[in-house]
Amino acid sequence: KVTELVLDNCRSSNGEIEGLNDSFKELEFLSMANVELTSLAKLPTLSKLRKLELSDNVISGGLEVLAERCPNLTYLNLSGNKIKDLGTVEALQNLKNLKSLDLFNCEITNLEDYRDSIFELLQQITYLDGFDQEDNEAPDSEDDDDEEGDEDDDDEDEDEAGPPGEYEEEDDEDDGGSDLGEGEEEEEVGLSYLMKEEIQDEDDDDDYVEEGGDEEEEAEGIRGEKRKRDPEDEGEEEDD
């Protein structure tokens with residue numbers, strides 16, 4: 001189930017890469033840059049292949065094989081090969097989905113009106129050597145992949161973060177718990193305070209009783225003194 005395969009700087013043997021065969025049915029991107037490839041005759045059938053890198057080889061023709069074995073190609077890089085004339089490139093007309101073609105450092109680029117001729121010959125392509133007919137640069141596929149990766153990361157972060165409602169509920173629960181704790185503390189303080197007041201009230205009552213007792217004792221003492229004095233007064237009255 002390999003979808004991308006990079007074989008750059010490997011060495012081909014008799015025009016083929018050992019191990020590269022029809023079993024790579026899911027392959028969408030294949031890169032064989034600088035592998036000394038002289039022909040595409042032994043290229044396996046890769047019906048899902050969309051991007052093919054063949055730069056810096058020694059390919060000079062036989063491009064009709066691409067339409068037969070890789071019919072869904074959208075990007076083809078043949079820069080640095082031995083392609084010299086328009087007749088060789090004409091075989092790419094059968095790649096109906098081809099949008100971008102690179103022929104950098106090929107001898108064909110030295111032809112007069114090279115760009116206009118290629119765009120006229122291959123009307124299905126949008127970009128030649130990285131630019132369209134109005135010299136607008138082609139978007140960088142790597143940048144596009146990075147942007148898609150960033151979007152995926154953002155989605156994952158949101159999934160990991162979870163719905164904001166959950167956190168709000170947790171916060172509410174935490175707030176409720178903290179309020180309850182404060183209420184319990186207030187209740188404990190209130191009870192201890194009331195108990196303290198009752199103790200103070202009892203102490204005040206004792207003090208009041210003790211003070212009342214002292215007054216009674218003083219009153220009794222005064223009465224006793226009067227009694228002591230009263231008999232004398234009575235004797236004086238009898239003498240009179």
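Model, not experiment: these values are computed from the prediction.
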Q.
Show the nearest heavy-atom pair for residues Ser100 and Leu98, with the distance to one decimal.
A. O-CD1, 3.6 Å
Q.
Just by distance, no angles: are the side chains of Asn34 and Asn9 close enough, under 3.5 Å, to form a donor-acceptor pair?
A. yes
Q. Got Ile108 and Leu86 here, is their nearest side-chain heavy-atom distance under 4.5 Å?
A. yes
**Q.** Distance-minimising heavy-atom pair for Cys70 and Leu95
**A.** O-CD2, 3.4 Å
(Q) Between Phe104 and Ile83, is there shared hydrophobic-cluster membership here, with clusters defined by ILVMFWY side-chain heavy atoms closer than 4.5 Å? (A) no
**Q.** Sole candidate of Ile125, Leu101, Leu103, Leu63 that passes side chain to side chain contact (heavy atoms under 4.5 Å, CB included) when paired with Leu76
**A.** Leu101
Q) How long is the gap from NZ on Lys96 to CG on Leu73, to the nearest 0.5 Å? A) 14.0 Å
Q: Quick one: pull up CG in Asn94 and CG in Leu122 and give me the separation to the nearest 0.5 Å.
A: 10.5 Å
Q. Which heavy atom of Ser60 sits nearest a heavy atom of Thr88, and at what distance?
A. O-CG2, 3.6 Å
Q) Do you know the tightest heavy-atom contact between Arg115 and Asp135? A) NH2-OD1, 4.1 Å
Q.
Between Thr126 and Asp132, do the side chains contain a donor N or O and an acceptor N or O under 3.5 Å apart?
A. no
Q: For Ala41 and Arg69, work out which heavy atoms get closest and say how close.
A: O-NH1, 2.6 Å
Q.
Counting neighbours of NZ on Lys84 that are heavy atoms of other residues, nucleotides or ligands and sit closer than 6.0 Å, is the number greater than 12?
A. no
Q) Looking at OG1 of Thr3 and CG of Leu30, how far apart are the two atoms once the value is rounded to the nearest 0.5 Å? A) 11.5 Å
Q) Do Leu78 and Tyr127 sit in the same hydrophobic cluster, where Ile, Leu, Val, Met, Phe, Trp and Tyr count as joined when their side-chain heavy atoms come under 4.5 Å apart? A) no
Q: Could you note down all residue pairs passing side chain to side chain donor-acceptor pair (under 3.5 Å) where residues 101-110 supplies at least one of them, sequence neighbours left out?
A: Tyr75-Asp102
(Q) If I take atom OG from residue Ser12 and atom CD from residue Glu18, how far apart are they, to the nearest 0.5 angstrom? (A) 11.5 Å
Q | Residues Ile59, Thr38; criterion side chain to side chain contact (heavy atoms under 4.5 Å, CB included); working and verdict | A | CA-CA 5 Å; Ile59 299 170; Thr38 59; over 6 Å; no
(Q) Would you say Leu111 ends up clustered with Phe131 if hydrophobic residues are merged whenever their side chains have heavy atoms under 4.5 Å apart, either directly or through other cluster members? (A) no
Q | Neighbour count >12 (heavy atoms, 6.0 Å) for atom CD, Gln93 | A | yes
Q) Pro71 and Asn97: which non-hydrogen atoms are nearest, and at how many Å? A) O-ND2, 3.9 Å
Q) Looking at SG of Cys106 and CG of Asn81, how far apart are the two atoms once the value is rounded to the nearest 0.5 Å? A) 5.5 Å
(Q) So, taking the atom named OG1 in Thr74 and the one named NZ in Lys51, what distance separates them when rounded to the nearest 0.5 Å? (A) 6.5 Å
Q. Is Arg11 salt-bridged to Glu36, cutoff N-O under 4.0 Å?
A. yes
Q | Tyr114 and Asp129, any side-chain heavy atoms less than 4.5 Å apart | A | yes
Q: Give me the other members of the hydrophobic cluster that Phe29 sits in, counting Ile, Leu, Val, Met, Phe, Trp and Tyr linked by side-chain heavy atoms under 4.5 Å, directly or via other members.
A: Val6
Q.
I'd like to know whether Phe119 forms a side chain to side chain contact (heavy atoms under 4.5 Å, CB included) with Leu128, so could you lay out the CA-CA distance, the side-chain angles of the two residues, the decisive distance to 0.1 Å, and finally the verdict.
A. CA-CA 8 Å; Phe119 277 117; Leu128 175 62; 3.7 Å; yes
Q: For side chain to side chain contact (heavy atoms under 4.5 Å, CB included), just list the numbers for Asn77 and Leu52, CA-CA rounded to whole Å, side-chain angles, deciding distance to a tenth of an Å, and then say yes or no.
A: CA-CA 6 Å; Asn77 188 348; Leu52 180 59; over 6 Å; no
(Q) The test is side chain to side chain contact (heavy atoms under 4.5 Å, CB included); show your working for Leu20 and Met32 and say whether it passes. (A) CA-CA 11 Å; Leu20 181 62; Met32 294 191 294; 3.7 Å; yes
Q: Using salt bridge (Lys or Arg N to Asp or Glu O under 4.0 Å) as the criterion, point out the one residue from Lys1, Lys48, Arg50 that pairs with Glu26.
A: Lys48
Q: Would you check if the side chain of Asp56 reaches a backbone N or O of Ala33 as a donor-acceptor pair within less than 3.5 Å?
A: no
(Q) Is there a path of hydrophobic side-chain contacts, each under 4.5 Å between heavy atoms of I/L/V/M/F/W/Y residues, joining Val58 to Val89? (A) no
